[in-house]
Amino acid sequence: MEGGVSYQRFPKIKIRELKDDYAKFELRETDASMANALRRVMISEVPTVAIDLVEIDVNSSVLNDEFIAHRLGLIPLTSERAMAMRFSRDCDACDGDGQCEFCSVEFHLRAKCITDETLDVTSKDLISSDHTVVPVDFSDSSGYDSADKKGIIIVKLRRGQELRLRAIARKGIGKDHAKWSPAATVTFMYEPEIHINEDLMESLTLEEKTSWVESSPTKVFDIDPSTQQVIVVDPEAYTYDDEVLKKAEAMGKPGLVEIYAKEDSFIFTVESTGAVKASQLVLNAIEVLKQKLDAVRLSEDTVEADDQFGELGAHMRGG
């Protein structure tokens, strides 16, 4: 903001690669604060559904009740409708016991080993009361893992051992507990811009060029076999380690290459746990970020925002 005049930016997204559990995209025409806000929201503020309450009727396995409850909580559940669900603490249609279509989903598990073979109790054995909220299926649709489509192992039972339980899944966010985080990893990097000084580069012998190219820990540069010129093959492989700059200085050729980060261009990599698709994770994060910004904007005009923002709301209004 200069002279009391603010300017508005219009960030743009370009999708590079998209799978159900993976997304790679460019975020342009914005700054690092917006990029990092989006990353943090994806990790800790996009809601999902996860098992939060476990009532165990029978457990004669080698794992104690708390151990099994913890393992159940970490099983990712399909959470496409999580954004529309209510938080159990805010639901006025129930008392939080799980008998509510608005804020919770009920699961049942019954397993008993009656043979001498070890019985694997997995996420596939969890029976859901809502067909839209079920354990994520990690089996390969191509059939590559066709021999192993049993789901996530919860516990193993031997002959005579039994497990019977009831579980309640609720809406939550990663900020409260990691089991609600829909993201396995979310990273971003500044998009690098690399300029080679062709005149200085031509003054090097082929052996010196090869030595300089190999000084980079990642495959950023290569030598064209036909022209024997150094070319940039993968600028995004550059990790800002400055090794090629140090090598150029050691060779007495400072300025051989110029590398700087574009301050308004970022490359995001998003991996989902499977609770929501990677594309939906990004869209949900943008929606949550918009809601938070609306709340901040509202706090500039209303005293009631003090209940939500405390001293921050008063400070923003100059109080």
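Quick note: residue numbers are just sequence positions, from 1.
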Does a sphere of radius 6.0 Å around CD in Glu198 hold more than 12 heavy atoms from other residues, nucleotides or ligands, not counting ones at 6.0 Å or beyond?
yes

Pick out which of Pro135, Ser129, Ser123 makes a side chain to side chain contact (heavy atoms under 4.5 Å, CB included) with Phe107.
Pro135

Return yes when atom NE2 of His131 has more than 12 non-hydrogen atoms of other residues, nucleotides or ligands closer than 6.0 Å, and no otherwise.
no

Please examine the side chains of Asp234 and Lys219, heavy atoms only from C-beta on, and report whether any two atoms are closer than 4.5 Å.
no

Okay, side chain of Asp242, backbone of Leu245: is any donor-acceptor separation there less than 3.5 Å?
no

Quick one: does Asn36's side chain have a donor or acceptor within less than 3.5 Å of a partner on Ser33's backbone?
no

Any donor-acceptor N/O pair, Ser61 side chain to Leu157 backbone, under 3.5 Å:
no

So, the side chain of Ser265 versus the backbone of Glu191: is there a donor-acceptor pair under 3.5 Å, distance only?
no

Does the Ser104 side chain pair with the main chain of Cys100, one donor and one acceptor, at a distance under 3.5 Å?
yes

Could you give the distance from CD1 (Ile231) to CE (Met201), rounded to the nearest 0.5 Å?
11.5 Å

Is there a donor-acceptor contact under 3.5 Å from the side chain of Thr78 to the main chain of Thr132?
yes

Charged N-O contact under 4.0 Å between Lys292 and Glu287:
no

Applying side-chain contact (heavy atoms from CB on, under 4.5 Å), run through Val136 and Leu77 and close with a yes or a no.
CA-CA 5 Å; Val136 174; Leu77 307 176; 5.8 Å; no

Answer yes or no: does atom CD1 of Ile114 have more than 12 heavy-atom neighbours from other residues, nucleotides or ligands under 6.0 Å?
no

Is the closest side-chain heavy-atom distance between Trp212 and Lys209 below 4.5 Å?
no

Leu18 with Phe268, same ILVMFWY side-chain cluster at under 4.5 Å:
yes

Side-chain donor-acceptor contact under 3.5 Å, Asp130 with Ser128:
no

Among Leu204, Asp199, Val244, Ile196, exactly one meets side chain to side chain contact (heavy atoms under 4.5 Å, CB included) together with Leu256. Which residue is that?
Leu204

Closest approach of Glu243 and Ser215, non-hydrogen atoms and distance?
CB-O, 3.6 Å

Criterion side-chain contact (heavy atoms from CB on, under 4.5 Å) on Ile56 and Val54, from CA distance to verdict
CA-CA 6 Å; Ile56 295 180; Val54 179; 3.7 Å; yes

Should Val276 and Ile51 be regarded as members of a common hydrophobic cluster, given that ILVMFWY residues are connected when their side-chain heavy atoms come within less than 4.5 Å of each other, either directly or indirectly?
no

Which heavy atom of Tyr190 sits nearest to which heavy atom of Ala32, and what is that distance?
OH-CB, 3.3 Å

Heavy-atom closest contact (Ala184 atom, Thr273 atom, distance):
N-CG2, 3.8 Å

Under a 3.5 Å distance rule, please check whether Glu249 uses its side chain to pair with a backbone N or O of Lys246 as donor and acceptor.
no

For Val220 versus Ala237, what's the shortest heavy-atom pair and its separation?
CG2-C, 3.8 Å

Answer yes when Arg158 and Asp116 have at least one side-chain N-carboxylate O distance shorter than 4.0 Å, and no when they do not.
no

Under 4.0 Å between a side-chain nitrogen and a carboxylate oxygen: does that hold for Asp57 and Arg110?
no

Can you hop from Val257 to Tyr240 via hydrophobic side chains spaced under 4.5 Å?
yes

Distance, nearest 0.5 Å, that separates CG of Leu109 from CD1 of Ile68:
9.0 Å

Kindly give the heavy-atom pair with the smallest separation between Ala278 and Lys19, and that separation in Å.
CB-O, 4.0 Å

Given side-chain contact (heavy atoms from CB on, under 4.5 Å), test Met85 with Ser79 step by step and report yes or no.
CA-CA 10 Å; Met85 288 177 66; Ser79 304; over 6 Å; no

Is there a side-chain contact (heavy atoms from CB on, under 4.5 Å) between Ile259 and Glu193? Walk through the geometry before answering.
CA-CA 6 Å; Ile259 304 174; Glu193 191 152 332; over 6 Å; no

Is Asp52 salt-bridged to Lys179, going by a charged N under 4.0 Å from an acidic O?
yes

Is Lys171 reaching over with its side chain to a backbone N or O of Ala82, donor-acceptor style, under 3.5 angstrom?
yes

Atom pair CD (Glu55) and CZ (Arg164), whose distance is rounded to the nearest 0.5 Å:
13.5 Å

Separation between NE2 (His70) and CD (Glu66), nearest 0.5 Å, reads 11.5 Å

Looking at Phe188, does the NZ or CZ of Arg39 lie under 6.0 angstrom from its six-membered ring centre and within 45 degrees of the ring axis?
no

Between the side chains of Glu271 and Tyr22, does any donor sit under 3.5 Å from an acceptor?
no

Count the heavy atoms belonging to other residues, nucleotides or ligands that lie under 6.0 Å from CD of Glu236, then report whether that count exceeds 12.
yes

Quick test of your reading of the model: are Lys12 and Glu29 salt-bridged, counting only N-O distances below 4.0 Å?
yes

Are Phe67 and Leu119 joined in one hydrophobic group, where the rule is that I, L, V, M, F, W and Y side chains link up if heavy atoms are under 4.5 Å apart?
yes

Any link between Val41 and Ile13 through a network of hydrophobic side chains (Ile, Leu, Val, Met, Phe, Trp, Tyr) touching at under 4.5 Å?
yes

So, taking the atom named OG1 in Thr269 and the one named CE in Met189, what distance separates them when rounded to the nearest 0.5 Å?
9.0 Å

For Leu200, does its backbone N or O pair with a side-chain atom of Ser203 as donor and acceptor, under 3.5 Å?
yes

Do Glu45 and Arg40 meet the salt-bridge criterion of a basic N to acidic O distance under 4.0 Å?
no

Keeping the roles fixed (side chain from Asn59, backbone from Leu63), state whether a donor-acceptor pair exists under 3.5 Å.
yes

Are more than 12 heavy atoms, taken from residues, nucleotides or ligands other than Lys156, located less than 6.0 Å from that residue's NZ atom?
no

Could you tell me which non-hydrogen atom of Arg9 sits nearest to which non-hydrogen atom of Asp31, and how far apart they are?
NH1-N, 3.1 Å

